[in-house]
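Below, chain A is the first sequence line, B the second, and so on; all start at residue 1.
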Amino acid sequence: QLSLFRLTVKTPFRTSHSSVDSKEMKKFQLLAHKWWDEEGEYSALHSMNDIRVPFIRDTLLSMRSNYHMGNPLSGVKILDVGCGGGLLSEPLGRLGASVTGIDPLEDNIRTADQHKSFDPVLAKRIQYKSSSLEEIVEESMETFDVIVASEVVEHVADLEMFIRCCCQVLKPEGSLFITTINRTQLSYVLGIVVAEKIMGIVPEGTHEWEKFVPPKELEHLLESNGFSVKTVKGMLYNPLSGSWSWMDSTSLNYAVHAVKSGAQGQSGPTDAPSETDTEQHSATAGAAG
Amino acid sequence: SSADMAAVLRRAVLAPLGPRLRARPRAPLRSAASAPPLYDVVVSGGGMVGSAMAAALGHDIHFHGKKIALLEAGPRKEYDHMPDSYSNRVSSISPGSATLLSSFGAWDHVCSLRLKPFRRMQVWDACSEALIIFEKDDLDDMGYIVENDVIMSALTKQLDAVADRVEVFYRSRAVGYTWPLPSHSCDTSPWVQIELADGRRLQTKLLIGADGHNSVVRKEAEIKNIEHQYDQSAVVATLHLSEATDNNVAWQRFLPTGPIALLPLSDTASSLVWSTSHEHASELLAMDEESFVDSINSAFWSNVNHSDFIDTAGAMFRSAISFLKPSGTAVRQLPPSVAKVDPDSRAMFPLGMGHATEYVQHRVVLIGDAAHRVHPLAGQGVNLGFGDIACLAHHLSAAAFNGSDLGSLKHLLKFETERQRHNVSLIAATDVLKRLYSTRLTPLVLLRTWGLQVTNALPPVKVRI
């Protein structure tokens, strides 16, 4: 999700819910409006559902044998990391999955909770939690069939730690779906200069180009941390039509599907202490959402 | 600044959407207590189009987990027993419509009840010899004449078959609609609220207005409607022919007062649809049965409106084009003559045209006559509605399989674009034809005479129609 860096500075403490601060409510309402306005600041994320939901759905269905077309993802437990206002959690919930959405920003979780509350079916199928991925690892070992990390890894400080946590909470042979942005000259020109500064497709300051992840780097990290990469596909956004499509080149946005290796312990590289273990930051410390 | 420019750009690109999203805000309803039952789709109007829409969604594989409601103001009609006599309200069903109806199992029921396929349409002018014949090269049927009651019977059966998914509310008229704001805040419901006459309330993620040309949904949504009352009424009746015949031709003759059509029901019976002035229509209804039958036969057979000039000009033109297109002039068949009319089968209803400027808004769609109303001369009315259903069901099915919010304008606008593109030209052409044929003025008659002849001679144009 695309979170607003400016807001992370002012992340509030968790207060008791008996007193409602009107300033908080105002900010909350402003946020709520922004997330779920299909033609607003997050319009590109809304339209991304048109390709990322079918991608996730069809990949999962190709690996299942008995499912019903009315509820194709029924019985699938999905973790949506960095769920934001719930833009991706809701369609997955509508397809029948049990979704847990986590996001470190409490405002986002409140928005997501409030939005799903009007639909009794979604309210039951989706649970939101204000948390980082690291914080839930302890209680969620090998819990999820699927993890979705869409527009997240470009905000993460320690990507390898993030991937390791994903591996821990996934069941064996579980699927990991990632969508993110490549670090290329093209993505600097189009993704930062044009998208943020000129056309306002993405709120300014959302991304740091240095944090963009080239697919080769991501693939390497995945393969050396218990995953087998199955698919890498390029994505293209057309700002005039406001729609996304697949493309061969991964020089801008791209999507990855990886599968956690089977049950007989792929311990290898994750056992040996690596340079990243010495860093004190949590995997999602730098992530604003 | 770049932010300003971004805003300008975005507004320019999204401007057409602006008014659609600005629904009229009304009293917010967010009671934690007893919220009214929430449906995924509510279809308002249980006529042929509304019932078919509900049945199509109810049988759609991606709607298996969804809740659908159909609101019908009238009582449930039982259709177990078809009377021997034919109903005077019939429709010409195109092959495309038949395909839609068979997609959810309704066409089989129609075939097992009764229908009349026709292979040919002969359309000609009262003021000249000009004639156009529509015929399919292969042995397929061009279309089917089916009583509306037969269609409703088939639809009711198929609705019963999915009663676990589609709830039909009979004797339930919607009296009020409350529209949601497009991006709602904390305390307002995002759904459409519906209030029924008996005080019951429903909520829905998508409201489909199939409530006819005086659509309440359309009015409440404040969608502008371009409408025009023709100074014509249609007289319908069930007729018995003088002698049994194959009767697989649909006949239509353009009189100066309006087109008269004979649609086959069986080898011995045909349905009449005669569009004429209000006064003449009342006369036709009032006169005794013998005079009525005489009027019909005279309308089809009399050449009183011909003028020598037009006849000669027409004949000259015919021989001119026969040089170029030898296959262009077809054999004229003679329409059947009528012997008697079913007592109590005569009725009349006023005619008009209408077209909604928008078919969709946030969480609202119009289909059938609520969106577009045409003159019966083209035999298209209900087929346009069935075409709407096929298109909308396709988009909603895809949206459901994508986990999308069913009321989202994104896919609703795709439906609107497709159908407006298809409907507008046909509605406009029908309207133009109606006006063109309402005259005796020589130049216009000549124009349409030649036009009719040219159209007859040119296969591609005929196929499009």
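Proximity to chain B (any heavy atom under 4.5 Å) is restricted, for A:Leu61, to the side chain, taken from C-beta onward. Looking at B:Asp405, the atoms closer than 4.5 Å to chain A (heavy atoms on both sides) sit in the backbone and in the side chain alike. Within the 4.5 angstrom heavy-atom criterion, atoms from both the backbone and the side chain of A:Ser47 approach chain B. Interface residue B:Ile61: backbone and side-chain heavy atoms are both found under 4.5 Å from chain A.
Judged by distance alone, with hydrogens and angles left aside, the side-chain atoms of A:Trp35 form no donor-acceptor pair with the main-chain N or O of A:Gly86 at under 3.5 Å.
No side-chain donor-acceptor contact under 3.5 Å links A:Arg94 and B:Asn402. Of the N and O atoms on the side chains of B:Asp388 and B:Tyr359, not one donor lies less than 3.5 Å from an acceptor on the other residue. For the residue pair A:Glu151 and A:Thr179, a side-chain donor N or O sits within less than 3.5 Å of a side-chain acceptor on the partner.
Highest contact tally toward chain B, considering only A:Asp119, A:Leu73, A:Leu92, is held by A:Asp119 [criterion: heavy-atom pairs under 4.5 Å]. Of the listed residues B:Ser408, B:Ala400, B:Ala399, the one with more heavy-atom pairs under 4.5 angstrom with chain A than any other is B:Ser408.
B:Thr204 meets the side-chain contact (heavy atoms from CB on, under 4.5 Å) test with B:Tyr39, B:Val42, B:Val192, B:Ile194, B:Leu207; sequence neighbours excluded.
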